[in-house]
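Here is the structure we will look at.
Model, not experiment: these values are computed from the prediction. All chains are named by letter (A, B, ...) in the order of the sequence lines, taking the proteins before the strands, and each is independently numbered beginning at 1.
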2 protein chains.
Amino acid sequence: MKISTLGYAVLGLLAGGEMSGYDLKLRMAEPVGYFWEASHSQIYPELAKLEGAGMVFHEVVPQSGKPDRKVYGITASGLEAVGEWVTGPLRASPTRDETTLRAYLSWLGGEREMAGVFEGQARLHRERLAGYRRTERWILANCGGDPLTMEGRDFAGYAALRRGIGFEREFSEWCQWVSDTLGARAGARE
Amino acid sequence: MKISTLGYAVLGLLAGGEMSGYDLKLRMAEPVGYFWEASHSQIYPELAKLEGAGMVFHEVVPQSGKPDRKVYGITASGLEAVGEWVTGPLRASPTRDETTLRAYLSWLGGEREMAGVFEGQARLHRERLAGYRRTERWILANCGGDPLTMEGRDFAGYAALRRGIGFEREFSEWCQWVSDTLGARAGARE
DNA sequence: TGTACCATGTAATTGGTTACATGATTAC
DNA sequence: GTAATCATGTAACCAATTACATGGTACA
């Protein structure tokens with residue numbers, strides 16, 4: 001059976017501990033370091049598929065006042081599958097970024113309006129960056145200052161976070177540069 | 001009629017000059033600044049759809065020895081549609097990057113093998129970066145050294161290229177850092 | 001009274017990839 | 001010969017988004 005990238009993401013999260021589809025949804029709702037978003041309408045069918053393939057199993061946990069939970073865990077063959085995938089060949093995924101596309105086509109819009117579009121994007125990515133930096137400060141405080149002493153899972157999480165920080169820093173600075181440049185031009189035309 | 005992002009990308013490219021589906025395919029095959037990839041199997045139906053909506057038109061240009069070309073141009077309403085879209089509201093697109101996901105799950109694979117995965121990615125993105133830098137040197141040489149004097153379309157292309165350079169620089173450096181860190185650990189365990 | 005959270009799912013649709021299909025020309 | 005380029009398209013499939021669907025609890 002062929003497993004999709006989403007399937008491996010789910011297996012990888014379950015390898016770190018048992019959780020329900022709802023828990024998975026919460027962890028994959030925002031890209032805080034995971035860089036793989038998914039909604040519940042994708043996760044529930046994926047779990048059913050993985051269970052059919054013997055990669056995960058579940059147990060129904062009744063709750064009082066709240067709906068029952070289906071708590072999923074990973075099987076031995078599931079663990080083997082992620083372990084092989086994670087070191088396997090990795091192709092460059094197709095590049096699609098609407099913000100950069102808009103920059104490329106920015107000559108089709110007014111300078112002042114375009115500057116506003118990029119100002120908004122700059123703000124959004126600065127906010128994400130600030131969030132990631134807060135997380136990093138928290139991690140550094142809880143490991144004695146040197147993240148390189150972290151082992152396995154902790155280092156893996158930190159590495160993904162570093163990527164988030166680098167990505168959002170570069171992206172927000174670029175958006176600001178585009179906005180400032182277009183804004184200055186609009187101003188100079190008055 | 002609702003136009004997809006691919007549709008706007010096609011309209012935007014046609015706004016810069018008439019071209020065939022094949023030409024569009026060539027320009028969207030690699031992300032050199034455009035940051036929106038597409039294959040011919042997506043482009044041809046999209047052109048037909050846009051033509052049905054009156055956004056583009058075509059003319060058959062016969063050739064000797066080669067198949068006939070269908071050369072597409074943008075209509076007034078097509079130009080109006082892209083112009084409105086490019087300054088319109090822009091939502092943050094979902095984040096999905098398999099390389100970062102692999103870093104997050106790297107504790108599931110052997111350190112030496114994981115270091116190899118990131119070494120490969122580092123090389124790939126360094127090569128793309130080098131290609132973009134060559135393009136930038138060529139542009140700077142052809143505009144007298146100051147890219148900020150560029151107007152409209154030229155500046156738009158340069159802005160997208162700057163994004164490509166920033167993205168690949170950050171990405172390749174991060175991949176190298178992950179690879180080096182994991183490699184040093186694998187070495188230290190001997 | 002309304003909104004958000006918990007918790008599960010399905011259905012319809014759009015977007016994108018891979019494979020199928022044709023046929024002449026040019027370069028190695 | 002055989003691969004690549006030119007030039008067009010369609011069909012089957014997979015991945016992802018949006019909308020539909022249910023129902024109790026907590027909080028303002």
Legend entry - Rounded interatomic separation in angstrom, taking CD from B:E46 and P from D:dT10: 13 Å

Legend entry - Interatomic distance, B:D68 CG vs C:dA24 P [rounded to whole Å]: 14 Å

Legend entry - First of B:S20 and B:R96 reached from the 5' end of DNA chain D, by closest nucleotide: B:S20

Inset, instruction - Provide, to the nearest angstrom, the distance between the NZ atom belonging to A:K25 and the P atom belonging to D:dT17. - result: 14 Å

Inset, instruction - Check every strand shown and say whether A:S39 touches a base, only sugar-phosphate, or nothing at a heavy-atom separation below 4.0 Å. - result: base

Inset, instruction - Look at all strands and tell whether B:K70 reaches a base, only sugar-phosphate, or nothing, counting heavy atoms closer than 4.0 Å. - result: sugar-phosphate

Inset, instruction - Report yes if at least one side-chain N or O of B:R69 is closer than 4.0 Å to OP1 or OP2 of D:dT5; otherwise report no. - result: no

Inset, instruction - Starting from the 5' end of DNA chain C, give me the residue, A:Y44 or B:Q42, whose nearest nucleotide shows up first. - result: A:Y44

Legend entry - B:F171 six-ring centre to B:R126 NZ/CZ under 6.0 Å and within 45° of normal: no

Legend entry - Atom pair distance, as rounded to whole Å: CZ in A:R91 and P in C:dG16: 16 Å

Legend entry - Residue closer to the 5' end of DNA chain C, A:K66 versus A:P45 (nearest nucleotide): A:K66

Inset, instruction - Would you kindly give the CE-to-P distance between B:M1 and C:dT14, to the nearest whole Å? - result: 12 Å

Inset, instruction - Kindly say if A:Q63 contacts the phosphate of C:dA7, meaning a side-chain N or O under 4.0 Å from OP1 or OP2. - result: yes

Inset, instruction - May I ask you to say what B:S41 touches in the nucleic acid, namely base, sugar-phosphate or nothing, with a heavy-atom cut-off under 4.0 Å? - result: base

Legend entry - Side chain to side chain, B:L50 and B:Y8, heavy atoms closer than 4.5 Å: no

Inset, instruction - May I have the distance from A:I43 (atom CD1) to D:dT17 (atom P), rounded to whole angstrom? - result: 11 Å

Inset, instruction - Considering non-hydrogen atoms only, spot the tightest contact between A:Y104 and A:W107 and give its length. - result: O-CD1, 3.5 Å

Legend entry - Cation-pi check, B:R163 onto A:F167 ring (under 6.0 Å, within 45° of axis): yes

Inset, instruction - Please check the phosphate of C:dC6 (OP1 and OP2 only) for any side-chain N or O of A:Y22 closer than 4.0 Å. - result: yes

Inset, instruction - Could you go through the ring-ring contact (aromatic ring centres under 6.0 Å, His included) check for A:W174 and B:F35 one step at a time? - result: CA-CA 15 Å; A:W174 175 80; B:F35 275 80; 8.4 Å; no

Inset, instruction - Rounded to the nearest angstrom, tell me the gap between atom CD in A:E37 and atom C1' in D:dT17. - result: 12 Å

Inset, instruction - Grab the NE2-P distance between A:H40 and D:dT22 for me, whole Å please. - result: 14 Å

Inset, instruction - Could you check B:P94 against B:Y72 and say which one's nearest nucleotide on DNA chain D is further toward the 5' end? - result: B:Y72

